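Computed from a prediction, not measured in an experiment: that's the story for all the values here. Chain A is the first sequence line, chain B the second, and so forth, proteins listed ahead of strands; every chain is numbered from 1.
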2 protein chains.
Amino acid sequence: MNEQLRAISELDRVIHEPGRLMILALLAAVKECDFLYLQRETEMNKGNLSSHLTRLEEARYVEIQKTYRGKVPQTVLRLTRAGRAAFDEYRKGLRAAF
Amino acid sequence: MNEQLRAISELDRVIHEPGRLMILALLAAVKECDFLYLQRETEMNKGNLSSHLTRLEEARYVEIQKTYRGKVPQTVLRLTRAGRAAFDEYRKGLRAAF
DNA sequence: CCAACACGTTTGCACCACAAACCGCTTTGC
DNA sequence: GCAAAGCGGTTTGTGGTGCAAACGTGTTGG
């Protein structure tokens, strides 16, 4: 197997999913944001977004912090150190492949 | 939605799957090859490879030509024009995203 | 002959992305 | 006040799909 193919085959499948890729790309850029901002930016529906976030949390790539803005619940998202590392690694893999 | 996120969300899902990405990357490089060569290079099992190829054929991205090498059946694969265009477009999308 | 092998394909399952339905809370209308 | 609608998400149901094991069809070896 050549280097290009190996790079492709080793891409992190948790990150590779476009929905999650969008989330990670955004979080990598802004450091921190809330659920609704993420929803507006990605144009995903709530359910879809919520389950991708859960998956990213299970992978320890994203931290989910539930809080309140006044009386309104607010979910704040942040990349973990591992998440940033994995995302960097993923991009490195892509560059190696293309 | 910003340009990066749009590029990600518009990635062709048929191509985005790593198994098929490997197949297309290889076919783009060599123009034509047979099933077993593809299997060795990608290190996929036959079943997996076969179904990805079927999917690529259904998408009209790959041409599957069954022939013989002596008495031994041989399956020759080739990128179609549409396949090459879609692959180029996919790579363009990736570059726009990263 | 018939057993083993070569070249793929089909089947069965397990997982997962997606959206509809739901839930608890708050605000609005009357 | 108190239904009804809205807000911020989560859970559920399901169709689709990636994967490997089992199968099929022909060929070769003993």
Interatomic distance, B:L49 atom CG to B:L38 atom CG [nearest 0.5 angstrom]: 5.0 Å
Gap separating the CE atom of B:M1 from the CD atom of B:E3, nearest 0.5 angstrom: 10.0 Å
Sugar-phosphate only, base, or nothing, as touched by A:S50 at under 4.0 Å among non-hydrogen atoms: base
5′-ward residue of the pair A:G47/A:K71 relative to DNA chain C: A:G47
Under 3.5 Å donor-acceptor, B:R20 side chain and B:V14 backbone: yes
Polar side-chain atom of A:H16 near backbone of B:H16 as donor-acceptor pair, under 3.5 Å: yes
Close side-chain approach of B:V62 to B:L24, heavy-atom, < 4.5 Å: yes
Side-chain donor or acceptor of B:T75 paired with backbone N/O of B:F35 under 3.5 Å: no
Covered region of DNA chain D, 5' end to 3' end, by chain B [heavy atoms, under 4.0 Å]: D:dT17 to D:dT28
Geometric class of the A:F98/B:Y90 ring pair [parallel <30°, tilted 30-60°, perpendicular >60°]: perpendicular
Lys/Arg N to Asp/Glu carboxylate O, B:E63 vs B:R81, below 4.0 Å: no
Pairwise distance CD(A:Q74) to CD(A:Q65) - rounded to 0.5 angstrom: 9.0 Å
Contact residues, residues 9-46 of chain A to DNA chain C [heavy atom, < 4.0 Å]: A:E17, A:R20, A:N45
A:R78 atom CZ, neighbour heavy-atom count above 12 within 6.0 Å: yes
Residue met sooner reading DNA chain C from 5', once A:Y68 and A:N48 are mapped to nucleotides: A:N48
Nucleotides bounding contact with chain B, strand DNA chain C, heavy-atom threshold 4.0 Å: C:dC7 to C:dC18
